[in-house]
Structures are given as C-alpha cells and as structure tokens.
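Basis for what follows: all heavy atoms, side chains included, without hydrogens, waters or symmetry-related copies. Ligands are counted one by one from 1 in listed order, and the atoms in each one are counted from 1 as well.
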Amino acid sequence: MDEKKDKPKAKKKITVAVRDFALPLKRSGSLGGSSFSSTLPIDLGQEIHTIIQNRLTLESDNYQPELSLQTLLTGERFDIRIRGRLDGIFKSPIPLIEEIKSSFGMASLKKAIELDPEHPYLLQTRLYGYIYYLKYNRTADLQLRLVDSRTLAEEIVAVSFELATFEKWVLARQKQIEEDIATYAALVKKRKRLAARLYFPFKNQRPKQEDLVAQVKQSLEGKRQLLVQAPTGLGKTAAVLYPALVHALSQGSPVVYVAPKNSQFKAAVDLGQVFQRSRIPLKVLVLTSKTKACQRDEVLCQNSSCPFSINYHDKVEENKLRARDEKKHLWDYRYFQKLSEQYEICPYEIGMERIRAADLIICDYNYIFSPHANFLDRYLDPILPMRKPLLVIDEAHNLYERVIENYSPEVRLSLLKEFFSKTLIKDEAFNKVIDQAIRLMKTLSPPASSAKIKTDGEAIKELLSKTLSLMTARWGGEGLPGSEDPLFQFFTLWFDLNEMINVSQEAIPLIYKRENGDEILKAQCIDPSALIAPIYANFLGVVAFSATLKPFAFYQHMSGFDPQTSEAVEFGSPFPREHKKIMVIPQVQTNYRERDRHYQRIALIMERVIDLQPGPYLAFFSSYQFLRSVEAELPKGKDWQLFSQSSSLSGAGIQKIMDLLEDGEGTRLIMAVQGGSLSEGIDFRGMGLRGVFVVGPAVPSATFERRLMQEHFEQLAGNGRAYAYVYPSMTRSVQAAGRIVRDETERGIIILMDPRFVEKDYAEAMPEDWYKDSAKELIPTQILAEIKDFWDHKDEGSELSLMAKGKDDEDSLSI
Ligand code: SF4
C-alpha cells in the first residue's frame, strides 16, 4: 500500500488580519476616498488612538488597551487564522469591547455607519466580539468610540451583536475568501497554460531578434535585471515582450509594460492582439491616465459629487459588469468609455479594477514611478497570495528624467501670492497662513541667486500643521475639500515638498533659486537611482530597453539597476551597415558662443547634400532659436517644401508632417529640435527619408540644478560633466539620428555637425556599429564625394571634394 498516496493532504493555513476579514460581502455605494484624507499624515490616527487609550487607562481601573485576539476557522480547503488587536476592553461581569475610530468628517462617518449595517467599522467590532466569545465563552457588549480628529470630541455608538446571525456572516465571508483564493489559483494555473501556448508571433524571425529573445529569457531565468540597447527595425518590443510573457505567465504572474507616452503603447497592444487572434486568451489591459480617462471636464472625484462615482459599486453589481469582462480580451480606453457612457460609471475606476485579472498591463511610467503611483496599491491584496508581476520598461532612456521630474516638487513665491486672490477677501485665517509661508520663503532665501539650503524642516512642518488645522476646522463636519479648493492646493504644495526633503539630502537636496523675477523653493532630485531601485523589489524581474542606453554604466545607475547583478547588452542594427552613411563634420561649430558664425555654413552643407539626392530630409537642432537662425540662411527660390517645428506643435501638426513626407514629392526638409516630438517615439518608416542632419549635440543648459548634478556625479563616478551634460545630450542626438533606415529597404545618410561628436565621452554614447575603433573614422575625406558615392554605390572620389581628411581647421571647409 502506498501510504504517501493515501495520506490526506494537509490543509493550507492562511493568516488574515481582522481588518481584512471584516469587509462587506458585497461592495456597495459610491466610490469613496478623498484626496484630502489620502494626503493626511498617516500616523495622525495612531496618535489619536494613543491619546484616548492613555486617558481611558487613567480614568478606569477596568480598562485594558490593546488586547491581542486570534482564532482559527476550519474551512473546506483552507484553515484561516484571524488575528488582530482590539483597541480596548472594559473588564466587568459583562465586558465591553470598543474600537476607536477617528475622522475629520464625523457627520458623514456617522451617517455612513447608520445607513450601512455592513460598514467595515461595525463588522470589525463585531468580529472582535465574536473572537472574544470563542476564546472566553462570554458575550461582550460592543461599541464604537468615534473621535473628531480636529477637536478630539468623542461620540459613542453602540454596536448590536447577535451571535447566530454573525456566525452566519463569518461563514459566508470565510467561504468568500476561499472562493477568492480558488479563483486566484485558477488564474495562476490559466497563466501557466497560456505560457505553454505562446509562440514567437512573427514568421520570419531576424537573426538578431532571435538573439534578443534568447538574451531576455536567459537574464530572467538567471534572475538578473536586464538593460537592452537595440535599434528600431529589430522588432525589439516583440523580442522583449514575448520571452517576458512566457517567463512571467509560466510562474502565474502578469507582465507590466510601461512606456513614457500613451502613443508608445501600440507595439505592445498589437503584440497582445496577435496572440488573441490565434485564440490565445491573453487578457490585455491598457490604462490611460486618470485625466484622459475621466468623463468630466475636470477630475473632481471628491465627496462623491461626480455622477460617475455615485453608486458606482451598485451599478457594477446590478449590471454584472465583472462577468461581462470574461468575454472581452482587450480592456482599453474605448471599452471603458463605452461602459462608462452606458452605465454612468467612472471609466478610470473600471480600468483600475481589472489590474489583478489582466495578464499584460500596459500603462504609463507614472503608474509605477511617481510618489503618487497607485499601481502596486491596487495590485497587491492583503489576503490573496499575489504573484509578483514582471516589469518591462520601454523607451527606458526616458525613465530617469521622468523620475527626476516626478520627485522634484517646488513652491513658487508667485504662486503663493496668487492664493491671496484665490481666497475670499475676508478669509483672514487663510491669508495669515499664506503670509506665514511667504515669510518662511524670505527666511530661507539665501544671498546668492541660487543655492542649496539646509533646514531642519520644523518651520515647514509647523506651516503644514497650521494649514491642516484650518482645513479640518472648515471641513470637520460634513464634506471634505476637493482638489479644486485653494486651501487644499496650498496644503498639497507644502505636503509634497515636505515629503521629498525627508528622503535624502544627497539625492534630493533642498534648493532656493531666483528665476525670471520669481523665487522658488524646490526639492531637486539630482540622482534618481535610490528612488527607483527599491521599486524593483516588488517585481519578479525587470527588463528595460531602448535604442539609446549608452554608456551602460550611466544608464544602469540612472535606472536604479545594481551593476553587480544586472546585465547590459547591445544589439546592432539588423540592416546592413552599408545602408547608412554616417559622418561627423567637425569644421562646424555649434556651441553657443560660436554658432552664429556658422549658420550660413550649416545651411550651405544642407543645401549641397540635399542637391545630391533630392527627397525628404530631417534636420535636428539643439534649440528653436538655432533652428530659426539656420532657416533664415537657407537658399531662396529652391523647389523645396520646408516645414519647421514650433514649440506648440500639435498632434494634428505631426500628422501634417507625416502626410507631407508620405505623399509629397521632391525635396521636403523638416527642421525640428532634438528631444522634441519629431525626434523621438515617432516612426518615419517607409517614407523614403534620405538623410538626417544632427546639428550639434543638444547639451543641457548649465542651470544651477545641472551644476548640482555635475558635482554629485563627479564625487560618485568621477565624471560629473559627462553625467550631467554629455550623455543626456548624446541620447537626444542618437535618437534623432535613429529616425532613418528603419527597414531593410531604406538607405540614408546621417550627418553630425560639431567637433565634440568625436570626443571620447560623446563617442562612447554612440551605437557600436557607428564606428570600429574611433569616432574619428566618421570624419569624411571628402564630404560630398563620399555622399555621392554612397548614393551611386561608387568607390572612387569625386570632383566635389570639400576638404581633406584630418584638417579640422574650419577654414579648410571651402565650398
Ligand atoms: S469620472 Fe472623473 S471625476 Fe468622476 S470619479 Fe471618475 S475620474 Fe473622478
């Protein structure tokens, strides 16, 4: 007899906190929450608890605060241990158990408790009463002690308890938890089956694409974070996402794919749909920002004033919208809008509710990399054993700058003064707080126009505390303030600043600067690595990719990767190198001091190069002003169609350019700026682009913030100048250059103008196939002759010689 086989399987035990068990069986009512309550200091409630408990201990000998209780519920599939600490018990022949709940909205809390017999506070108190009964075989009286967070005024609400009825509820909730766990286990199993069915979705896998798939698989299996540089044309989104999906799904996890712009989601969505068309039921969720998803002119969710929020849960239940999802595999903006219009429910919330069920979640960086990021809050569950998702970061060269932006809150003096006019003339109390803030700015203001400043933060805390008192005095009773309220906005401004200055003086120093007649107090993030790195701990693995991630040491650090445990791999272009003619013209100076002497020369080079092979061209400059100056020097009377980018270029404007490139004839010259919407994240494939001029590196201005960054990285990596200026500018230049030769049929020229392009720091940011040993190889012997040869496929020289190789004296450039 096989004893092992016949032995009954031991039931799994799970532990659940009282507050997580004591939740209503059915969610009902409106969407709750207010941005006010979510920004409150989290330990405020705990402080109030302690104050009340200390007082009750002094007042009554029978009072015992914080009693630990637990019980074990035996279930069909699991045993559930429920654990918690009740706030206090008065010991007497009939003991009295109480829970303390503090709130800024006492009136609305009382109303909610009155109206909802399954209010979580009531359930929690009853559950303590029930566990107490199981342990001591004694029924206790129950009560809630509601405390006004503003005034500390207290109110007692008696909580009814009927053992048999509550026991039924406990059983129902226990069953519900068992079902939820079983449903989740089925989802994990389904994902594992899906993983086995996935296949690389394109027929002709390119050799380098195959290598990339193998690399991603190998790094993920080896539990190493991976940074991949691969050019456009290799099909890198599919080559990264496919093995990422197989790896994650085979462990029951989803993949979270993040990109900096919604317009960059397409490749990931397309891949998901390719699988879906092959009847592989991969659930793909596309999340847009709340502002984009919202049905109203302004995102004002507070106080359940929004009709799409009111009775949200009832509408979802009544219309069985969750079950309806089963038939749908792509949950995107359009689907949510349709549901929202049909049932008057919030489209953003519908999307967020699907986070746990989706196999591939496609969203913006901000869902993960922002102080207000809420993806993980919504994904994780206190009871379900959620599998860690796998993170895929597209266009990863953008990540560090986005994090710097998100973690650098500021307070402007001009904005503070605007609050005077936003408030009622007679709002003396608020005016006083604004005054105090302005005085604080003056106290902190240094003699220099920009400086790092030190503060113990006490003055900011005091200001926050006064603002909070004022807010709670005003909204303590009924409704809580919304984000449109000036007092709330004022509070948020200082709250965000206070949060960041407490992170790290090294990575986020506090600075003060005078700029354009304004004064700014700012927590300036200069090194995002320490902010990003801990976020990865929530994921099963991380793959970051882009066409421009060099030098790797820079991007590994800036992306929060551990250089010891991460890998960085570069994949070259899948197209023949001969399809690209890359040259550096060092005789053109584009630095700020000298460029005005070179406008004519730049225009002339562009003209001569274009004349050799008329067609569509792109020219990228470091600034709009630079662009205009060269534009003014372009030859008149040419049969060219010219388009120059303005800072207000809209989506319609971009479409116009695409149409011009696609349908126009003859020479079309698009002049744009590096780092703008025409130089990154836009695909000109199939438009027959002949060439791209990269007119100088777009080196960031030497602002005070950049100088701080330079100092920091000089100390950390011994190369502050490169970290603060060179590498960020080269990312832009290489991105701009990458707009051409995007499929195997295209050929084109890349002309980089400036001697800095051959310097070591600049050259090490170039893709590996640009040069063999030194970037100086890119300096042509004869510019036009070489270009003509490129177009003619000729090897010999030409009469069009402009210069001799090696002569970098600018005067040797005679045209
Ligand atoms: S529709 Fe807009 S305002 Fe209304 S709850 Fe949703 S996000 Fe908030």
Q: Is the charged tip of Arg356 near the ring of Tyr184: under 6.0 Å from the six-membered ring centre and within 45° of its axis?
A: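 No cation-pi geometry.
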Q: Looking at Arg387, Arg191, Lys283, which hits salt bridge (Lys or Arg N to Asp or Glu O under 4.0 Å) with Asp359?
A: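 With Asp359 as partner, salt bridge (Lys or Arg N to Asp or Glu O under 4.0 Å) holds for just one option, Arg191.
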Q: Among all protein heavy atoms in this structure, tell me which lies nearest to atom 8 (Fe) of ligand 1, with the distance rounded to 0.1 Å.
A: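 Nearest neighbour among protein heavy atoms for atom 8 (Fe) of ligand 1, to 0.1 Å: Cys301 SG, 2.3 Å.
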Q: Which of the numbered atoms in ligand 1 are under 4.0 angstrom from any heavy atom belonging to Phe308?
A: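 Close to Phe308: 1 (S).
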Q: Numbering the atoms of ligand 1 from 1, which are under 4.0 Å from a heavy atom of Arg296?
A: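 Per the distance check, 3 (S), 4 (Fe).
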Q: Atom 6 (Fe) of ligand 1 and Cys294: any N/O/S contact shorter than 2.8 Å?
A: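 Looking at Cys294, which is the residue asked about, there is no N, O or S atom under 2.8 Å from atom 6 (Fe) of ligand 1.
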Q: Considering heavy atoms of the protein only, find what lies nearest to atom 3 (S) of ligand 1 and give residue, atom and distance to 0.1 Å.
A: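 Protein heavy atom at minimum distance: Leu300 N, 3.5 Å.
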Q: Examine the proximity of ligand 1 to Glu349 and report which part, side chain or backbone, both or neither, has a heavy atom under 4.0 Å away.
A: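 The answer is neither; Glu349 stays 4.0 Å or more away.
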Q: Closer than 3.5 angstrom, by distance alone: can the side chain of Asn311 be matched with the main-chain N or O of Gly29 as a donor-acceptor pair?
A: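 Answer holds: no.
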Q: For residues Gln176 and Arg173, is any side-chain donor paired with an opposing acceptor at under 3.5 Å?
A: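 Yes, because at least one side-chain N or O of Gln176 sits under 3.5 Å from a partner of the opposite role on Arg173.
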Q: Counting from 1, what ligand 1 atoms have a heavy atom of Lys290 closer than 4.0 Å?
A: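 In order of number, 7 (S).
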Q: Please identify which atoms of ligand 1 are closer than 4.0 Å to at least one heavy atom of Ser309.
A: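 With Ser309 as reference, the close atoms of ligand 1 come out as 5 (S).
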Q: Looking only at atom types and distance, does a side-chain atom of Ser253 sit under 3.5 Å from a main-chain N or O of Lys388, one as donor and one as acceptor?
A: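 Side chain of Ser253 to backbone of Lys388: a pair is present.
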Q: Between the side chains of Lys522 and Glu705, is the shortest nitrogen-to-carboxylate-oxygen separation below 4.0 Å, so that they form an ion pair?
A: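 Salt bridge between Glu705 and Lys522, a charged N being under 4.0 Å from a carboxylate O: yes.
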Q: Atom 4 (Fe) of ligand 1 and Cys306: any N/O/S contact shorter than 2.8 Å?
A: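 Yes, within the cut-off.
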Q: Checking the side chain of Glu154 only, and the main-chain atoms of Arg145 only, is there a donor and an acceptor separated by less than 3.5 Å?
A: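 Here the side-chain-to-backbone pair does not exist.
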Q: Among all protein heavy atoms, pick out the one at the shortest distance from atom 6 (Fe) of ligand 1; state its residue, atom name and that distance to 0.1 Å.
A: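 Looking only at protein heavy atoms, the one closest to atom 6 (Fe) of ligand 1 is Cys346 SG, 2.3 Å.
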